[in-house]
*Asks:* 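Before anything else, here's the structure in question.
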Amino acid sequence: MRLKLAAGNWKMNGTTAALSELTQLRSIDATGIDVTIATPATLIHRAVAIAGGVQIAGQDCHANVSGAHTGDTSADMLADAGATAVILGHSERRADYGETDADVAAKTNAAWGAELTAIVCVGETLDERETGATLSVVATQLTGSVPDGASGETLVIAYEPVWAIGTGKVPTLEQIAEVHDFIRAELTNRFGAETADAIRLLYGGSVKPSNATEIFATSNVDGALVGGASLKADDFSGIISALAAA
Ligand code: PEP
């Protein structure tokens with residue numbers, strides 16, 4: 001059985017005051033599911049101290065363990081601060097920093113070296129969706145971004161259509177199911193059924209309390225990666241409750 005996962009991504013939002021949202025989340029009943037918040041790196045250490053059962057994640061890491069990389073954070077540093085996971089290959093990093101699949105694979109290996117779970121993001125642009133390239137884009141990203149040796153403990157895949165992130169637009173449930181079923185099949189071909197069945201697949205892109213229940217009922221959706229609606233405990237707790245009830 002895959003434990004369902006509600007993962008929040010605060011992106012570049014949150015200073016000390018935002019920690020009160022985490023304090024509120026502690027009292028939400030999340031029995032039977034995992035809840036993770038990827039805070040800004042500056043908050044990880046303090047977030048871990050107050051998060052209770054909520055796990056704290058990073059939003060990126062460098063591929064190297066240490067060295068002359070001004071401004072970067074290594075996977076070891078995230079783990080040392082108390083993070084248990086790291087988001088890698090988010091479309092904003094692929095777009096803003098030109099991260100390639102090979103970069104994401106190297107970072108994933110670094111995350112695994114620090115015993116962090118890698119939440120690897122894949123997803124098509126609107127142009128790719130409209131030209132019928134979605135599945136081939138996702139296949140290429142999966143192959144290139146996920147190194148050999150994945151397991152259900154070390155890897156989570158987040159399917160995040162770029163055009164659905166922060167836009168209020170959500171694919172149809174059929175479109176989500178098609179891609180999630182495809183990802184499961186691709187993982188099965190590569191890693192075998194036992195490993196593939198243990199890897200959690202998250203949907204990400206404009207998930208809100210109002211659409212969470214139907215998304216969580218969709219084939220091969222094991223939870224969500226949530227941006228905007230993870231910033232406020234009131235919103236995120238609605239998503240947590242929907243997932244716990246799914
Ligand atoms: C994201 O950035 O990973 C995301 C899914 O954002 P939002 O929920 O705001 O669309």
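We count ligands from 1, going down the list as the structure has it; atoms in each ligand are counted the same way. Nothing here was measured: the structure is a model prediction, and the numbers come from that model.
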*Asks:* Is any side-chain heavy atom of F216 closer than 4.5 Å to one of I239?
*Replies:*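 Yes, at least one pair of side-chain atoms sits under 4.5 Å.
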*Asks:* Under 3.5 Å, is there a donor-acceptor pair linking the side chains of E124 and Y159?
*Replies:*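 Side-chain D/A pair, E124 to Y159: present.
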*Asks:* Not counting sequence neighbours, which residues clear salt bridge (Lys or Arg N to Asp or Glu O under 4.0 Å) with E160? List them please.
*Replies:*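 E160 satisfies salt bridge (Lys or Arg N to Asp or Glu O under 4.0 Å) with no other residue.
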*Asks:* Considering all heavy atoms of both residues, which atom of P161 and which atom of Y203 are nearest to each other, and what is their separation?
*Replies:*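 Reported closest heavy-atom pair: CD-CE1, 3.6 Å.
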*Asks:* Filter the ligand 1-protein atom pairs down to N or O on both sides and distance under 3.5 Å, then list them.
*Replies:*
from	atom 1	to	atom 2	distance (Å)
ligand 1	2 (O)	K11	NZ	2.5
ligand 1	2 (O)	H90	NE2	2.9
ligand 1	3 (O)	H90	NE2	2.9
ligand 1	3 (O)	E160	OE1	3.1
ligand 1	3 (O)	E160	OE2	2.7
ligand 1	6 (O)	G227	N	3.4
ligand 1	8 (O)	G227	N	2.8
ligand 1	9 (O)	G228	N	2.8
ligand 1	10 (O)	G166	N	2.7
ligand 1	10 (O)	S206	N	2.8

*Asks:* Do the side chains of K107 and E99 get nearer than 4.5 Å, heavy atoms only?
*Replies:*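 With C-beta onward as the side chain, the pair touches.
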*Asks:* So how far is it from I199 CD1 to T188 OG1, rounded to the nearest 0.5 Å?
*Replies:*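 These two atoms lie 8.5 Å from each other.
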